[in-house]
Asks: 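First the structure, then my questions, so here it is.
Within every chain, numbering begins at 1; the chains are lettered A, B, ... in the order of the sequence lines, protein sequences first and strands thereafter.
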There are 4 protein chains.
Amino acid sequence: MNTDSPISTRRDRKREEKRQAIVAAAEEVFGAKGVADASMSEIADLADVAAGTLYLYFSGKEALFFAAFAKRISTLFESTHAHWEANGPLRDRLAEVVRLHLSFVRTNRGFYEFLMTLGHPDHTSPGEFSPLIELCDSQLSLQTAAFAKAQANGEISDKLAPEFLSRALRSLAFGMVTDAVNRRKTEDLESVVEPLVELFWNGISK
Amino acid sequence: MNTDSPISTRRDRKREEKRQAIVAAAEEVFGAKGVADASMSEIADLADVAAGTLYLYFSGKEALFFAAFAKRISTLFESTHAHWEANGPLRDRLAEVVRLHLSFVRTNRGFYEFLMTLGHPDHTSPGEFSPLIELCDSQLSLQTAAFAKAQANGEISDKLAPEFLSRALRSLAFGMVTDAVNRRKTEDLESVVEPLVELFWNGISK
Amino acid sequence: MNTDSPISTRRDRKREEKRQAIVAAAEEVFGAKGVADASMSEIADLADVAAGTLYLYFSGKEALFFAAFAKRISTLFESTHAHWEANGPLRDRLAEVVRLHLSFVRTNRGFYEFLMTLGHPDHTSPGEFSPLIELCDSQLSLQTAAFAKAQANGEISDKLAPEFLSRALRSLAFGMVTDAVNRRKTEDLESVVEPLVELFWNGISK
Amino acid sequence: MNTDSPISTRRDRKREEKRQAIVAAAEEVFGAKGVADASMSEIADLADVAAGTLYLYFSGKEALFFAAFAKRISTLFESTHAHWEANGPLRDRLAEVVRLHLSFVRTNRGFYEFLMTLGHPDHTSPGEFSPLIELCDSQLSLQTAAFAKAQANGEISDKLAPEFLSRALRSLAFGMVTDAVNRRKTEDLESVVEPLVELFWNGISK
DNA sequence: GATGAATGAGGCTTCATTCAT
DNA sequence: TATGAATGAAGCCTCATTCAT
């Protein structure tokens with residue numbers, strides 16, 4: 001039966017679709033609750049599959065979490081990439097990136113929590129995380145390059161290493177979430193973005 | 001029989017000591033793993049008491065977590081208070097505070113995680129958290145006052161609200177932990193502190 | 001693929017069977033010991049399932065108890081219904097019903113205990129019990145009707161309300177169990193049934 | 001020191017008083033909740049003693065329960081004794097006794113529950129109960145005697161054994177509590193007492 | 001491949017009882 | 001004798017994972 005290949009292609013497509021559906025559900029649930037508080041059946045329900053099915057696509061809870069994390073963080077990074085590669089004044093691009101980070105953390109507390117532990121030295125098996133770490137690293141390069149170029153142009157001060165700037169930007173944006181503590185009104189993104197960019201911009205200007 | 005009062009005092013002291021031991025154990029465990037991943041028996045073991053004993057001092061897991069969180073965060077705040085109230089150049093004090101925050105987050109991931117959710121709008125019972133929120137707020141005031149004074153002195157620019165600066169400082173310091181992702185060498189605090197302060201200082205200088 | 005329906009039917013049947021097995025085990029254990037003294041694992045063991053399985057069928061201990069209670073009491077009521085609807089002298093039917101009640105209480109102390117508290121005013125959530133209360137009420141109606149008819153026929157005295165007679169009959173039968181206290185020989189049902197009916201019959205005769 | 005004896009007398013009195021206080025508290029709590037749902041500390045609190053103290057007076061929970069049960073049931077029996085020994089028409093005395101039983105059960109569900117199990121054949125150690133059983137038996141004798149006398153007088157029919165009448169009376173009164181199920185208004189004692197006595201009286205009249 | 005019922009380890013919590021003070 | 005802190009067994013329940021269908 002030479003229909004094998006087409007059939008398996010159709011199958012593969014279906015399989016891939018289901019996989020996506022599962023990851024999407026996992027993104028939703030893990031993002032909102034974090035690994036520990038999310039349950040596999042909850043994800044299965046949302047993905048509209050049986051609980052057992054999850055294990056046909058992922059080896060366990062952790063693996064599924066990793067996949068969901070990778071997906072979400074990639075999505076974020078793709079958006080920031082677009083801005084870094086665009087033209088226009090650096091300050092404006094900074095603002096966009098800050099905005100993206102801020103809103104990411106808002107709806108992805110579960111992943112942000114994990115982000116904090118990714119590089120933690122007392123992880124039992126740091127090896128497992130390396131793909132995720134690389135993923136996160138990769139995004140930084142682009143940012144770093146943008147800062148380097150701006151320093152070369154004389155657009156900003158070159159007193160601080162571009163790599164540091166890149167990391168600091170991300171940290172500042174992500175970190176502002178703790179702000180929720182004092183404000184309890186995380187809704188108005190803009191009232192945070194602008195001063196943040198202003199501060200950062202002053203910090204790096206000549 | 002005037003031994004009554006001393007007796008009860010001795011007992012109270014013992015009781016208080018045990019309470020402290022329990023909270024200390026809880027700080028350790030919750031700080032390292034977060035609420036969800038920590039188990040009560042683990043804490044009991046570390047505190048060297050039976051599992052049931054925990055419930056003589058705290059009504060449940062949540063209450064114990066709150067106590068541990070409050071203790072740790074208070075300790076941090078007391079240190080930062082000391083620096084804010086000291087004399088000396090603002091920039092140096094900034095450096096100290098950043099250092100403190102940085103090292104706090106390093107060993108208290110579990111609490112930092114919680115800090116992020118403290119003001120989260122979809123908490124079922126935000127009322128329960130108010131004491132903790134107030135605790136966190138209180139520390140900010142002191143910082144805010146310091147910034148306000150520096151602006152009045154003309155020491156720093158007054159373009160950004162002192163309250164915002166206060167929050168941003170904390171966020172920046174806390175947020176830099178995500179840096180762990182890329183570096184995996186969180187040990188060398190100093191290599192982070194200095195550029196961070198430099199950046200922030202530039203950002204707020206005239 | 002018309003196998004769908006049969007398949008799900010088979011599954012449903014199996015599920016239903018297991019549910020029945022669980023309820024049966026619960027009837028046994030709760031009936032003998034009452035809610036408080038029975039343990040879920042005991043029931044699980046008797047039903048030959050894992051402890052966790054119980055929670056796939058019932059939301060918790062209370063729900064399982066209710067189901068078991070409803071089952072047992074329904075069984076009792078179905079038997080009494082049969083007698084009330086049959087023809088034959090009222091006195092004989094009375095005897096049968098008394099016999100049934102008596103033997104019910106003997107092996108269902110746990111449920112009888114609960115029966116006593118069903119209408120208790122200081123139940124926290126009386127609402128939850130209403131289905132059970134209705135169940136118990138429903139049986140009374142039939143009895144009441146039988147007494148009313150007998151009064152209309154002039155078969156018995158009409159000095160007491162038929163509804164009261166209905167309740168008194170049940171109470172007398174159920175209550176005779178306390179007799180166990182003095183006799184320790186609950187085995188000989190008959191030696192209780194006959195005088196009881198005689199007494200009641202005299203009480204209601206013209 | 002020849003003060004020994006008076007001192008120990010005073011001590012004994014004090015000890016006795018405390019014992020009474022404990023039993024009183026136990027009556028309250030066990031009566032309301034039954035053995036299983038009552039807790040020792042609850043009783044200790046109510047008696048205003050430390051938890052450990054209970055064990056200086058009673059060997060354990062069960063022993064305390066027995067003491068409380070014996071106390072309450074004795075109190076009930078003393079009241080009924082008074083009525084049986086009084087003069088006056090039998091019917092009136094019946095009414096009083098019914099009233100007493102009814103109101104006993106109302107506030108002593110916990111003990112009534114136990115009453116039902118007292119003679120249960122599958123009690124592990126029936127021997128332990130014999131004092132309680134005797135206690136309950138003793139009350140019956142008086143009632144039985146009263147019925148026997150009434151039969152001798154020709155006041156009531158002698159078709160049923162006086163002992164049976166005695167037991168039936170108690171059962172009927174106790175059993176009417178299940179009535180709560182259908183009525184949910186156990187408050188109006190009188191609306192139950194009168195028809196009950198009427199029914200019973202008819203049942204035993206000539 | 002998909003299902004979802006079943007499992008059972010493990011977590012939180014309560015409470016009768018003991019024992020050092 | 002009285003205390004009440006401490007214990008730890010036992011109970012209820014959840015949920016990641018497996019496996020027969």
Asks: What is the distance, to the nearest angstrom, from the NZ atom on K61(D) to the P atom on dT14(E)?
Replies: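 Atom NZ in K61(D) sits about 15 Å away from atom P in dT14(E).
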
Asks: Output, in order, the C-alpha distance, side-chain angles, deciding distance and verdict of ring pair (Phe, Tyr, Trp, His ring centres under 6.0 Å) for F69(A) and F30(A).
Replies: CA-CA 8 Å; F69(A) 173 79; F30(A) 283 134; over 10 Å; no

Asks: Relative to the 5' end of DNA chain F, which residue comes earlier, K14(C) or A36(A), by the nucleotide with the nearest heavy atom?
Replies: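 On the 5' side of the pair lies A36(A).
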
Asks: Does any pair with a residue in residues 41-58 of chain B pass salt bridge (Lys or Arg N to Asp or Glu O under 4.0 Å), and if so which ones, sequence neighbours excluded?
Replies: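 Qualifying pairs, neighbours excluded: K33(B)-E42(B).
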
Asks: For residues E62(B) and V35(B), determine if any side-chain heavy atom of one lies less than 4.5 Å from a side-chain heavy atom of the other.
Replies: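 The answer is no; the side chains never approach within 4.5 Å.
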
Asks: Is there a side-chain contact between I43(A) and V49(A) (heavy atoms, below 4.5 Å)?
Replies: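 Not touching, per the 4.5 Å side-chain cut-off.
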
Asks: Let me spell it out: for each of G52(C) and R15(B), pick the nucleotide of DNA chain F with the closest heavy atom. Which residue's pick is nearer the 5' end?
Replies: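 First, find each residue's nearest nucleotide; the 5'-ward one identifies R15(B).
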
Asks: If we only count heavy atoms from C-beta on, is the Y57(D) to T53(D) side-chain gap below 4.5 Å?
Replies: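 Side-chain contact under 4.5 Å: yes.
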
Asks: What is the distance from CD of E42(B) to C1' of dG10(E), rounded to the nearest Å?
Replies: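 Interatomic distance, CD of E42(B) to C1' of dG10(E): 13 Å.
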
Asks: List DNA chain E stems (3 or more consecutive Watson-Crick/G-U pairs, under 3.5 Å)?
Replies: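 Ordered by first number, the stems with DNA chain E (at least 3 consecutive pairs each) read E:2-21 with F:2-21.
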
Asks: Under a criterion of less than 4.0 angstrom to any heavy atom of chain B, what are the 5'-terminal and 3'-terminal contacting nucleotides of DNA chain F?
Replies: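 Listing 5' to 3', DNA chain F meets chain B from dT3(F) to dG8(F).
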
Asks: Base, sugar-phosphate, or nothing for A38(A), non-hydrogen atoms under 4.0 angstrom?
Replies: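 Sugar-phosphate contact only.
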
Asks: For S59(D) and for V49(A), locate the closest nucleotide of DNA chain E by heavy-atom distance; then report the residue assigned to the nucleotide nearer the 5' terminus.
Replies: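 Mapping each residue to its closest nucleotide by heavy atoms, the 5'-most match is V49(A).
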
Asks: So which nucleotide from dG1(E), dT7(E), dC12(E) ends up closest to the side chain of L56(A)?
Replies: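 Nearest to the side chain of L56(A) among the choices is dG1(E).
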
Asks: Strictly distance-based, threshold 3.5 Å: is any side-chain N or O of K61(C) a donor or acceptor partner for the main-chain N or O of A38(C)?
Replies: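 Yes.
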
Asks: Could you tell me whether F58(B) and F65(B) have their ring centroids closer than 6.0 angstrom?
Replies: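 Aromatic pair excluded; centres sit 6.0 Å or further apart.
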
Asks: Figure out the CG/C1' separation between D37(A) and dG11(E), and round it to whole Å.
Replies: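 Atom-to-atom, D37(A) to dG11(E), this comes out as 13 Å.
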
Asks: Contact class for T53(B) vs. all strands (heavy atom < 4.0 Å): base, sugar-phosphate, or nothing?
Replies: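 Contact class for T53(B): base.
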
Asks: Identify the residue among Q20(C), K18(C), K14(C), R19(C) that makes a side chain to side chain donor-acceptor pair (under 3.5 Å) with E16(C).
Replies: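 For E16(C), the side chain to side chain donor-acceptor pair (under 3.5 Å) check succeeds only for Q20(C).
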
Asks: Name the residue closer to the 5' end of DNA chain E, choosing between D48(C) and M40(D) according to the nucleotide with the nearest heavy atom.
Replies: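 The 5'-side residue here is D48(C).
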
Asks: Given atom CZ of F58(A) and atom C1' of dA2(E), what is their separation to the nearest angstrom?
Replies: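 To the nearest whole Å, that distance equals 16 Å.
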
Asks: With sugar-phosphate meaning primed atoms plus P, OP1 and OP2, does Y57(A) contact a base, only sugar-phosphate, or nothing at under 4.0 Å between heavy atoms?
Replies: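 Sugar-phosphate only.
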
Asks: Quick one: is K18(A) getting a side-chain N or O under 4.0 Å of the dG1(E) phosphate, OP1 or OP2?
Replies: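 Looking at the OP1 and OP2 atoms of dG1(E), neither is under 4.0 Å from any side-chain N or O of K18(A).
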
Asks: Between dG4(E) atom P and D45(A) atom CG, what is the distance in whole Å?
Replies: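 One finds 10 Å between P of dG4(E) and CG of D45(A), rounded.
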
Asks: Salt bridge between R13(D) and E17(D), side-chain N to carboxylate O under 4.0 Å?
Replies: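 Not counted as a salt bridge, because no side-chain N and carboxylate O are separated by less than 4.0 Å.
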
